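Structure, as structure tokens:
When reading the values below, keep in mind they use all heavy atoms of this one structure, side chains included, and skip hydrogens, waters and symmetry mates. Quantities reported herein were computed from a predicted structural model and do not represent experimental measurements. Chain letters run A, B, ... following the sequence lines, proteins first, then strands; residues in each count from 1.
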Protein chains: 2
Amino acid sequence: MTTTRRPTRQQSAVMDALGSTRDFTSAQDLHAQLRESGEKVGLATVYRTLSSLADAGDVDVLRTGEGEAVYRKCSTGHHHHLVCRACGRTVEVEGPTVERWTDAVAAEHGFSDVAHTLEIFGTCGSCH
Amino acid sequence: MTTTRRPTRQQSAVMDALGSTRDFTSAQDLHAQLRESGEKVGLATVYRTLSSLADAGDVDVLRTGEGEAVYRKCSTGHHHHLVCRACGRTVEVEGPTVERWTDAVAAEHGFSDVAHTLEIFGTCGSCH
DNA sequence: AGCGTTTTGACAATCATTCTCATTCTGCTG
DNA sequence: CAGCAGAATGAGAATGATTGTCAAAACGCT
């Protein structure tokens, strides 16, 4: 079950690329960036690497309004994102309040194994 | 600019189909259902109708983990969803707590025009 | 009924993502 | 160090949802 992870040049290339941006990036963009910087990495590999990273919880994934998956290297632990819809600046936020609320609501309706997604969008100060 | 909306048979067919399920349904499924029940509606039309309904705020849209768009006719007003990941049963939930929290967090970081998405997934009592 | 516009529908075109599979690495092992 | 089995890669095909195209059909109005 434990997928044997074998470190490779292209995997670290993908991780470095991810680390160099602070904003959410799509697999396609990431692939383009890598090509430009001279790294030869196949598109399929970018996808594969990103999904294993995501599965392992090493990166955060969310979907744009158009359904495209975007990835971001984040601090560990459970948290949410406050994203500027103009410049894309992202702030990580955390709050026991929400966690408690979702758990309570779920319990109240007899749901277990609860998980949730929460993203906040707005216009940041500098873009206003 | 104000798109003149002209009522048609197929549009009401789509709306009826949406109204007959209480769970989130994809455009593809909706189209299949319509075909089965004898309604002749083109796939493109289903998509078009759904997006205008969504734009108008008459239906709620969210994305499955795989990025597929799913639609649901909902009560009006701002609310969130508690979805059973096994049977798909959906419960609408509402909570000033979260609304206040997101607004506060956003304000704290200088963000304005705040919007947010929040969905809760879990396993409901009967599926446990 | 007649007309200008909007909608429809069959199908082609996009686009992101996944699959296929032969080839290339990697980490051992002897 | 050479050899091996299994994992990873990459090029391109395949998939699947969604959108665009455009001629034909449906609407609302006169």
Starting at the 5' end of nucleotides 18-23 of chain D, put B wherever the base has a protein heavy atom under 4.0 Å, S where only the sugar-phosphate does, and a dash everywhere else. BBBB--
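- One N or O on the side chain of B:Arg63 and one on the backbone of A:Gly65 form a donor-acceptor pair closer than 3.5 Å.
- For B:His116, the ring pair (Phe, Tyr, Trp, His ring centres under 6.0 Å) criterion is met by B:His78, B:His80, not counting sequence neighbours.
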Contact string for nucleotides 25-30 of chain D, one letter per nucleotide 5' to 3', B = base within protein heavy-atom range under 4.0 Å, S = sugar-phosphate only, - = neither, reads -BBS--
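- Residue contacts for B:Gln11: at a heavy-atom cut-off of 4.0 Å it reaches the sugar-phosphate backbone alone, with no base atom in range.
- Here D:dA8 presents its C1' atom at 13 Å from CE of A:Met15, a figure rounded to the nearest Å.
- Around atom CD of A:Glu92, more than 12 heavy atoms belonging to other residues, nucleotides or ligands sit under 6.0 Å away.
- Going from atom CG of A:Asp29 over to atom C1' of C:dT17 covers 15 Å, rounded to whole Å.
- By the neighbour-count criterion of 12 heavy atoms within 6.0 Å, atom NE2 of B:His128 is sparsely surrounded, having that number or fewer from other residues, nucleotides or ligands.
- Closest heavy-atom contact between B:Val46 and B:Ala27: CG1-O, 3.8 Å.
- Atom-to-atom, CD of B:Glu39 to C1' of C:dT8 comes out at 14 Å; the value is rounded to the nearest Å.
- Rounded to a whole Å, the NZ atom of B:Lys40 is 18 Å from the C1' atom of D:dA24.
- Atom CD in B:Glu66 sits roughly 12 Å away from atom P in C:dC19 (whole-Å rounding).
- Atom-to-atom, CG of A:Leu53 to P of D:dA8 comes out at 12 Å; the value is rounded to the nearest Å.
- Hydrophobic cluster membership of B:Val98, counting Ile, Leu, Val, Met, Phe, Trp and Tyr whose side-chain heavy atoms lie under 4.5 Å apart directly or via other members: A:Leu82, A:Val91, A:Val93, A:Val98, A:Trp101, A:Val105, A:Phe111, A:Val114, A:Leu118, A:Ile120, B:Leu82, B:Val91, B:Val93, B:Trp101, B:Val105, B:Phe111, B:Val114, B:Leu118, B:Ile120.
- A:His31 is linked by a side-chain hydrogen bond (donor to acceptor under 3.5 Å, both in side chains) to nothing, counting only residues two or more places apart in sequence or in another chain.
- Partners of A:Glu68 according to the side-chain hydrogen bond (donor to acceptor under 3.5 Å, both in side chains) rule, which considers only residues two or more places apart in sequence or in another chain, are A:Ser26.
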